[in-house]
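For reference, the structure is listed below as C-alpha cells.
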Amino acid sequence: ENSPLLNGKILELEMQYFQAQKIYQNILENNPTDGEALLSFGMAQKKLGNIPGAIENCIKGFQSYKNQYSENHPNTA
C-alpha cells in the first residue's frame with residue numbers, strides 16, 4: 001500500500017488536484033509542519049487557481065525545511 005503522500009502525488013499526475021489537495025490536508029491535520037506535504041498542498045492549490053493559498057503553503061513548506069535542516073541544506077539553499 002502506498003503512503004498518503006505518494007497517493008497524493010499519483011493523483012496530481014492524473015490531474016486530480018482536488019482529491020490530491022484533500023489527501024495533503026489530511027496529512028497536515030496530523031503533522032502541520034510536514035514540509036513535503038505543505039509544498040505539495042501548495043502546488044495542488046496552484047493548479048486549482050488558489051494562488052494566495054499556494055504561496056502561503058509553499059512558504060510554510062520552505063520554512064519547515066529551513067527549521068528542520070538549517071539554511072545550508074540543499075533543500076533550503
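Count residues from 1 along the sequence.
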Check your understanding: What distance separates Asp34 CG from Leu28 CG, expressed to the nearest 0.5 Å?
Key -> 6.5 Å
Study note, to complete from the structure: residues 11-28 vs salt bridge (charged side-chain N to carboxylate O under 4.0 Å, His left out), sequence neighbours excluded, gives none
Exercise for review: Work out which heavy atom in Ile27 is nearest to a heavy atom in Leu5; give both atom names and the distance.
Suggested key: CD1-N, 3.7 Å
**Study point:** Minimal non-hydrogen separation, Cys58 against Met43, with atom names
**Key:** SG-SD, 4.0 Å
Point to revise | Results of side-chain hydrogen bond (donor to acceptor under 3.5 Å, both in side chains) for Lys9 - residues two or more places apart only | key: Glu36, Ser40
Review point. Looking only at atom types and distance, does a side-chain atom of Ser64 sit under 3.5 Å from a main-chain N or O of Thr33, one as donor and one as acceptor?
Key: yes
**Study point:** Spatial distance of atom CG (Leu38) from atom CZ (Phe62) [nearest 0.5 Å]
**Key:** 11.0 Å
Point to revise | Close side-chain approach of Tyr24 to Asn57, heavy-atom, < 4.5 Å | key: no
Revision key, fill the gap. Residue set satisfying side-chain hydrogen bond (donor to acceptor under 3.5 Å, both in side chains) with Asn26, at least two apart, ordered chain then number -> none
Practice item. Can you see which heavy atom on Ala54 is nearest to which on Gln45, and at what distance? Key: N-OE1, 3.5 Å
Point to revise | Side-chain heavy atoms of Pro4 within contact of Leu6, under 4.5 Å | key: no
Check your understanding: Could you give the distance from CD (Gln21) to CG (Leu11), rounded to the nearest 0.5 Å?
Key -> 12.0 Å
